[in-house]
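What follows is a set of notes on a single structure, which appears directly below.
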There are 2 protein chains.
Amino acid sequence: MAVFTNLGKCDTCRSRSFIFDLISEQDRDLLNRSKQEVSFNAGEIIFKQGAMLTHIVCVTSGLAKIYFEGVDRKNLILRLVKPSELVGGPGMFVDQRHHYSLGAVEDTLVCFIELGLYRELVFRNKPLAHEVMARESQHRIELYEKLVNLTQKQMPGRVAEALLYLSKQVYNSSKFLCTISRQELADLTAMSKESAIRILKDFKENNLVSIEGNQVELLDVEGLMSVSARG
Amino acid sequence: MAVFTNLGKCDTCRSRSFIFDLISEQDRDLLNRSKQEVSFNAGEIIFKQGAMLTHIVCVTSGLAKIYFEGVDRKNLILRLVKPSELVGGPGMFVDQRHHYSLGAVEDTLVCFIELGLYRELVFRNKPLAHEVMARESQHRIELYEKLVNLTQKQMPGRVAEALLYLSKQVYNSSKFLCTISRQELADLTAMSKESAIRILKDFKENNLVSIEGNQVELLDVEGLMSVSARG
DNA sequence: GGTTGGCGTTGATATTTGTCAATCAAAATG
DNA sequence: CATTTTGATTGACAAATATCAACGCCAACC
């Protein structure tokens, strides 16, 4: 179950957000005192699509997923969130609601930061505002790429893309323990779990990857990139 | 061909952007003098994915489409842009490049505004910054919805959604002259032109819509919404 | 007036992808 | 240790969707 504490010190936190480097010492202190740490078990929901957006979240350890609940209880994973990443959501400037859900993929520790405080910090600090804008924009660009991938590429291309994403952006190694489930891989690539499994098997038979349970190693990154590009 | 002028007065422009209501008279004058009006014929490209982003665009008359060029020359239309809408693009805060293309669907008049000027205006004007953030966020929310629609709904649901979008957001009437081509409707719903046509025919046979060439009338909005919701 | 080219339409067919049911293995539970 | 339960896997099949080819229509052009 979720446990609330406020023991950690942001200043010495190994996964502190970039924003701490852009604000004054007073503001750092303010954030430090007002934040709330909460720990979630794998599978638990951190915040839910439709709920009021009163706090933004900084992931401190573990791994989380940003996802939608769409038609027929099917989920679509937008992206995975690693420690030190900040998750706000576009509802922040629109209707104070979450437009996607955030869930813990692994056991995950997060810090909640009050929305009002965050907004105040951003709007009275031009470099920070620039940085926030830049990061939001970067996400938007990635969202566009995702949209094209999911709508124009066939399944093998999408899975190849996902494996490269996991390796480069999430686990930071060509060999990794894949902590997301097959179902989550399917939710990330917008296909059925069975299809995702079949394509993994196919990649394995063609020596693009090696897979033993959840141990994954990319053997032929060039090959995967080519499959991904072909569509 | 494109023709450059700077004759129009922003102050009296019937399709002037919301930003004019949020800036000082001096700034309005600055914008007015530095803008460049350009007219494009239907089918022409206003700016292209990958090109340098030096100006943002305000559509003054006509109709434009924001789209990506993806795999195999297939296009994906993100949204249609009506007069008075501003089109920037996320590259503005990242790499000064366009990450999508803007094309004229109908004969279209646009004003180019220098990026540096626009950024300066936004960053030194808090209410304007708020408004810009809110609009960007709204677009992001719509993008999420689009992503779910395109990946989780089947073709009839997507076409129903598109027809409702055209009626409510673009042509503002339940009966309209559909100035986008069948191919563009397909690009908007991520399917082949033939599939889009077949579904339109099906809707027509089921009296959901009436279609005579490019004259479209939504006969059963409830029905379309239900098809769209079912997926 | 013929011709060309683009767009819309249709039918036949092939491909892609999802669903369903069964099985298996590993992990959690008592 | 037996028993559930959960996630992964596989095969058979059905559904969704794309592709290809052909044709009609209309406007632009020579």
Side-chain angles (χ1 to χ4, degrees), chain A residues 41-44 65 70-77 103 105-107 149-162 177-205 209-216 227 230-231, chain B residues 41-44 70-76 103 105-107 149-162 177-205 209-216 227 230-231:
Chain A
N41 297 327
E44 290 180 336
K65 60 179 174 183
V71 188
D72 276 345
R73 305 186 164 276
K74 270 198 291 244
N75 290 338
L76 177 67
I77 296 181
V105 173
E106 308 172 5
D107 290 347
N149 281 332
L150 295 187
T151 57
Q152 300 195 339
K153 287 184 186 173
Q154 301 187 172
M155 297 195 301
R158 306 211 295 272
V159 173
E161 183 91 9
L177 180 68
C178 185
T179 52
I180 69 171
S181 69
R182 301 297 196 260
Q183 180 63 60
E184 285 168 329
L185 176 65
D187 291 345
L188 192 61
T189 47
M191 66 185 69
S192 70
K193 175 187 45 169
E194 292 92 333
S195 292
I197 289 169
R198 276 183 251 268
I199 288 164
L200 283 183
K201 188 183 171 190
D202 183 71
F203 284 1
K204 188 176 171 182
E205 282 165 3
V209 298
S210 128
I211 300 180
E212 295 297 330
N214 292 330
Q215 267 297 341
V216 176
V227 170
R230 189 172 327 125
Chain B
N41 297 325
E44 291 180 336
V71 187
D72 276 344
R73 305 187 164 277
K74 269 198 291 243
N75 290 338
L76 178 67
V105 173
E106 308 172 5
D107 291 347
N149 281 332
L150 294 187
T151 57
Q152 299 195 342
K153 286 185 187 172
Q154 301 189 170
M155 296 197 301
R158 307 211 294 273
V159 173
E161 183 92 8
L177 180 67
C178 185
T179 52
I180 68 172
S181 68
R182 302 296 196 259
Q183 181 63 60
E184 285 168 329
L185 177 64
D187 292 345
L188 192 61
T189 48
M191 66 185 68
S192 71
K193 176 186 45 170
E194 291 93 332
S195 292
I197 288 170
R198 276 184 250 269
I199 287 164
L200 283 183
K201 189 183 169 190
D202 183 69
F203 284 1
K204 188 176 169 181
E205 282 165 2
V209 298
S210 129
I211 300 181
E212 295 295 329
N214 292 332
Q215 267 298 341
V216 176
V227 171
R230 190 172 327 125

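Throughout, protein chains are lettered first and strands after them, A, B, ... in sequence-line order, and every chain is numbered starting at 1. Quick caveat, the model's predicted, so the values are computed rather than measured.
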Query - Verdict with supporting geometry, Leu150(A) and Leu76(A), side chain to side chain contact (heavy atoms under 4.5 Å, CB included) - result: CA-CA 11 Å; Leu150(A) 295 187; Leu76(A) 177 67; 4.0 Å; yes
Identify all side-chain donor-acceptor contacts of residues 185-194 of chain B below 3.5 Å with residues at least two apart in sequence or on another chain.
from: Asp187(B); atom 1: OD1; to: Gln183(B); atom 2: NE2; distance (Å): 3.1
from: Thr189(B); atom 1: OG1; to: Leu185(B); atom 2: O; distance (Å): 2.8
from: Thr189(B); atom 1: OG1; to: Ala186(B); atom 2: O; distance (Å): 3.3
from: Ser192(B); atom 1: OG; to: Ser195(B); atom 2: N; distance (Å): 3.2
from: Ser192(B); atom 1: OG; to: Ser195(B); atom 2: OG; distance (Å): 3.1

Query - Any Asn75(B) side-chain heavy atom under 4.5 Å of Gln152(A) side chain - result: no
Query raised in the report: Would you say the side chain of Leu200(A) lies within less than 4.5 Å of the side chain of Val216(A), judging by non-hydrogen atoms?
Result: no
Query raised in the report: In whole angstroms, how far is the P atom of dA28(D) from the CG atom of Asn41(B)?
Result: 14 Å
Query raised in the report: Among residues 194-201 of chain B, which contact DNA chain D at a heavy-atom distance under 4.0 Å?
Result: Glu194(B), Ser195(B), Arg198(B)
Report task. Report the residues that fulfil side-chain contact (heavy atoms from CB on, under 4.5 Å) with Gln154(B), sequence neighbours left out, ordered by chain and then residue number. Result -> Pro156(B)
Report task. Check for a donor-acceptor pair, side chain of Gln215(B) on one end and backbone N or O of Glu212(B) on the other, with a separation under 3.5 Å. Result -> no
Query raised in the report: Mind checking which nucleotides bracket the chain B contacts on DNA chain C, 5' to 3', with an atom under 4.0 Å from a heavy atom?
Result: dG8(C) to dA12(C)
Query - Contact list for DNA chain C against residues 178-193 of chain B - heavy-atom distance below 4.0 Å - result: Ser181(B), Arg182(B), Gln183(B)
Requested in this report: Report the distance from atom CG of Asp202(A) to atom C1' of dT10(D), rounded to the nearest whole Å.
Outcome: 14 Å
Query raised in the report: In chain order, what residues pass the salt bridge (Lys or Arg N to Asp or Glu O under 4.0 Å) check against Glu184(B), with sequence neighbours excluded?
Result: Lys65(B)
**Report entry** CG-OG1 distance between Asp107(A) and Thr179(A), expressed to the nearest 0.5 angstrom
**Finding:** 10.5 Å
Report summary line: Heavy atoms of Asn149(B) and Glu161(B) approach each other most closely as ND2-OE2, 3.0 Å
Report task. Measure across Val71(A) and Lys153(B) and return the closest heavy-atom pair with its distance rounded to 0.1 Å. Result -> CG2-CG, 3.9 Å
Query - Length of the NZ-P vector between Lys153(B) and dA16(D), whole Å - result: 16 Å
